[in-house]
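Each remark here refers to the structure printed beneath this line.
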Amino acid sequence: MTGQIGDWLDERTGIRQIWTAIFLRKVPKVNWLYTLGSATLFTAMLQIFTGILLTIYYVPTPDHAYNSVQYITNQVPAGWLIRGIHHWGASAMVILTVVHMLRVIFYGAYKFPREVTWFTGVGLLLVVIGFGFTGYLLPWDQKAFWATTVGTRIAGVTPFIGDWILRVMRGGDELTAVTLARFFGVHVWVLPATLVTLLVIHIYLVIKIGISAVPKRED
Ligand code: HEM
């Protein structure tokens, strides 16, 4: 029965060829360090899933942001769990991305023909840092407010265009409702869209080019 459904679907979509190319492709003998990219990918999916759930109750305005986060943590069923996973997942994501990148550096996996995979990886790293920076403000508590005050001020000392960057980030001179709306918009729309675009290219290249082998001493 499942075979028949598979045949039916395959005739119309070529799904078996796609499945084989993705999941049954040949890979060289590698070690556990090669699982770091997949671990990062899994964490990214977890962040997207828990992040979507959080937006159901989170309200991105100065009047309600703090209370909505407290409500999620203390009242919503399993809200503490969803928020906890998203909170710790953010740190896990940064650590995993960096350690994955270190594996790529130490194994020389950024060399020909994988330069574009590397470039998209650099973009992904910036996106992950951006997620952390914009997400930190959203609980709108004292820690969030002052961390973002300092963070935007640091960006503000960039030579020549610092003042302009600071005003774009804050949406004015001070941290206000505009800043919160801006950070929220970037956190839930701009960065996820960029992440997915870069990830599709990154993973496509990993599959198309194939994974690099563990370098030998004489390489
Ligand atoms: C959201 C962040 C990222 C995700 C989800 C991700 C995912 C992956 C996956 C699943 C692989 C294949 C398995 C592996 O080698 O571990 C991979 C390979 C690779 N990644 Fe990433 N990656 C990310 C960030 C980065 C960063 C920051 C860099 C470097 C700046 C990078 C550069 C590469 C390169 C060059 C390869 C090919 C490695 C090889 O063929 O040996 N990636 N990535």
Side-chain angles (χ1 to χ4, degrees), residues 15-55 82-138 147 151 154-155 169 183-219:
I15 190 79
R16 287 208 174 104
Q17 206 187 341
I18 299 171
W19 182 270
T20 306
I22 296 176
F23 297 109
L24 304 176
R25 66 186 198 278
K26 293 220 169 2
V27 289
K29 191 170 161 38
V30 291
N31 59 39
W32 281 93
L33 294 175
Y34 283 73
T35 60
L36 287 162
S38 305
T40 318
L41 186 62
F42 174 77
T43 318
M45 292 191 318
L46 206 61
Q47 289 302 92
I48 291 172
F49 178 68
T50 51
I52 289 173
L53 289 182
L54 287 173
T55 62
I82 301 298
R83 186 180 171 211
I85 294 174
H86 201 74
H87 177 94
W88 292 106
S91 300
M93 184 90 195
V94 174
I95 294 167
L96 285 168
T97 308
V98 170
V99 184
H100 165 57
M101 184 178 69
L102 289 177
R103 196 284 286 173
V104 167
I105 292 172
F106 284 124
Y107 282 32
Y110 51 82
K111 293 178 198 166
F112 175 84
R114 298 186 177 79
E115 295 94 326
V116 181
T117 320
W118 169 266
F119 295 149
T120 53
V122 173
L124 284 167
L125 181 65
L126 294 176
V127 168
V128 170
I129 293 169
F131 267 121
F133 184 62
T134 51
Y136 207 84
L137 179 67
L138 304 184
I154 291 172
M169 283 175 127
F183 272 51
F184 179 72
V186 171
H187 192 80
V188 305
W189 290 116
V190 180
L191 291 175
T194 317
L195 179 89
V196 170
T197 309
L198 289 173
L199 264 182
V200 168
I201 305 171
H202 199 74
I203 304 296
Y204 165 78
L205 290 173
V206 168
I207 292 168
K208 180 169 164 44
I209 300 171
I211 203 80
S212 68
V214 180
K216 295 196 185 72
R217 191 166 282 276
E218 57 269 23
D219 285 345

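Just so it is clear, the model here is predicted, and its values are computed rather than measured. Remember, it's 1-based here, ligands and their atoms both numbered in the order they're listed.
- On a distance-only criterion, Thr97 and ligand 1 share no N/O pair closer than 3.5 Å.
- In this structure the side chain of His187 reaches within 4.5 angstrom of the side chain of Phe131, judged on heavy atoms.
- With contacts defined as side-chain heavy-atom distances shorter than 4.5 Å, the pair Val190/Thr134 does not qualify.
- At a 3.5 angstrom cut-off on N or O pairs, Arg103 counts as close to ligand 1.
- Looking at Leu126, Leu199, Leu205, Ile207, it is Leu199 that brings a heavy atom closest to atom 4 (C) of ligand 1.
- At the top of the distance list for atom 39 (C) of ligand 1, counting protein heavy atoms only, stands Ser212 OG, 3.3 Å.
- Side-chain N or O atoms of Glu115 include none that pairs as donor or acceptor with a backbone N or O of Tyr110 at under 3.5 Å.
- Between Ala155 and Met169, the shortest heavy-atom distance links the atoms CB-SD, 3.7 Å.
- Closest of all the heavy-atom pairs between Gln47 and Ile85 is OE1-O, 3.5 Å.
- Applying the salt bridge (Lys or Arg N to Asp or Glu O under 4.0 Å) test to pairs two or more places apart or on separate chains, none has a residue in residues 24-34.
- In terms of protein heavy atoms, atom 1 (C) of ligand 1 is closest to Met93 CE, 3.7 Å.
- Excluding waters, the protein N/O/S atoms found under 2.8 Å from atom 21 (Fe) of ligand 1 are His100 NE2, His202 NE2.
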Throw together a table of side-chain donor-acceptor distances under 3.5 angstrom for residues 93-107, partners on residues two or more places apart or in other chains.
unit_1, atom_1, unit_2, atom_2, d
Thr97, OG1, Met93, O, 2.6
Tyr107, OH, Asn31, ND2, 2.9

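- For ligand 1, the atoms closer than 4.0 angstrom to any heavy atom of Ala109 are 35 (C), 38 (C), 39 (C), 41 (O).
- Put simply, part of Ile203 is less than 4.0 Å from ligand 1, judged by heavy atoms.
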**Q.** side-chain contact (heavy atoms from CB on, under 4.5 Å) assessment of Val128 paired with Thr40
**A.** CA-CA 11 Å; Val128 170; Thr40 318; 5.9 Å; no
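- Tyr34 O, 3.3 Å is the protein heavy atom nearest to atom 14 (C) of ligand 1.
- At least one heavy atom of Ser38 sits closer than 4.0 Å to an atom of ligand 1.
- If you look at Phe133 and Phe183, their ring centroids are closer than 6.0 Å.
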Show me the donor-acceptor pairs, under 3.5 Å and distance only, between side chains in residues 200-217 and residues at least two apart or in other chains.
unit_1, atom_1, unit_2, atom_2, d
His202, ND1, Thr117, O, 3.2
His202, ND1, Thr120, OG1, 2.9

